[in-house]
Amino acid sequence: MSAEALLSVRSLSVNFRTRSGTVAVLDRVTFDVAPGEIVGIVGESGSGKSVTAFAVMGILDAAAQITSGEILFEGRNVLAMGARERDAWRGSEASIIFQNPRTALNPIRTAGEQIGDVLARHVPDTATVIRAKVLDALRQVRIPDPEKRAKSYPFELSGGLCQRIGIAMALSCSPKLLIADEPTTGLDVTTQAVIMDLIRDLAHERNLGTVLITHDLALASEYCDRIVVMHAGHVVEAAPVAELFAHPRHPYTTRLLRSVPSIADDISQLQAISGSLPDLRRSDLPPCRFAERCDRRIPACDAAGLMLEAAGPSHTVACRNPL
Ligand code: ADP
Ligand code: MG
């Protein structure tokens with residue numbers, strides 16, 4: 001792990017038990033997040049982005065099993081924490097916000113009560129102090145008229161305001177790490193930009209290590225310092241944004257880049273990503289889970305032992321025939 005990492009996910013593998021057998025959903029996922037850095041995790045739907053986020057936060061469902069790997073937070077292995085220590089860690093040191101902000105909130109508690117609940121869980125304070133902190137949290141996420149909004153129920157608030165409440169809850173105990181799992185999917189384009197600007201500004205002001213999970217590479221390119229590309233439970237490539245766009249090495253990354261209208265050099269190059277993610281229940285999955293969709297496949301791709309390897313300073317790629 002690099003000396004300055006806030007979060008270091010090392011070779012994390014996660015299986016799910018299903019009726020049709022065990023599915024290796026994450027396979028040796030590895031990436032770092034430095035303090036204040038915004039790291040994008042991108043990939044098609046089903047590539048394991050949310051499972052990665054839930055594993056880091058310790059909120060995987062009961063069918064999931066972490067079979068190997070480490071999750072280091074400031075050098076401490078969070079997987080070795082006891083349940084109470086992990087609960088205290090979640091919320092006070094690391095927080096998550098979700099897609100569908102309205103359903104992530106409790107429909108029968110006001111915005112202010114929900115933020116207050118998070119504060120009270122972590123720091124014992126008088127009701128008066130908590131009320132003041134709630135208003136401050138609402139101000140920090142730029143909610144106009146916080147006194148009024150504190151008394152609103154989720155159904156009285158727009159999707160964008162609900163997500164700001166979610167961010168206020170996540171940041172109320174001043175964590176060092178924020179994971180945002182598709183935080184703007186389902187919001188209109190203008191609101192998306194407002195929420196993303198807010199997340200970026202808060203990350204910079206608070207030196208908050210941030211993981212932005214999105215299927216939208218254009219969004220990630222605008223807001224992230226570094227991008228981690230996932231495909232079918234593998235990290236296939238990771239690099240600083242400018243480097244990834246100038247010198248993509250993995251064939252899947254180039255396909256993702258060509259599928260984004262604002263990034264493809266000219267519209268005639270715009271292409272959909274052909275094929276679909278392989279069925280992870282298969283027993284004959286090739287070592288590279290992209291091989292069957294890849295136009296650069298060579299015999300070496302079928303040899304075991306595929307790993308993420310250095311492709312330059314702070315650039316890694318897992319490919320036997322990179323560009
Ligand atoms: P993403 O967030 O990238 O769209 P996910 O992390 O949600 O993808 O899912 C990754 C893979 O894990 C998918 O193939 C999905 O079907 C599988 N998966 C997620 N949750 C479960 C579960 N509870 N049981 C079985 N498989 C699951
Ligand atoms: Mg997801």
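These numbers were taken from a predicted model, which means no experiment stands behind them. Both counts, for ligands and for their atoms, begin at 1 and track the order of listing.
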Is the distance between the Mg ion (ligand 2) and the nearest N/O/S atom of Q99 smaller than 2.8 Å?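 Looking at Q99, which is the residue asked about, there is no N, O or S atom under 2.8 Å from the Mg ion (ligand 2).
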Minimum side-chain heavy-atom gap I97-D181 below 4.5 Å
no
Sequence neighbours excluded, the answer for salt bridge (Lys or Arg N to Asp or Glu O under 4.0 Å) partners of R109 is E113, D117
Got the residues with a heavy atom under 4.0 Å of ligand 1, by chain and number?
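F16, T18, V25, E44, S45, G46, S47, G48, K49, S50, V51, D61.
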Salt bridge present between [X] and [Y] (N-O < 4.0 angstrom):
X    : Y    : result
K133 : D136 : no
R10  : D32  : yes
R84  : D87  : no

_For a quick check under 3.5 Å, do E44 and H215 share a side-chain donor-acceptor pair by atom type?_
no
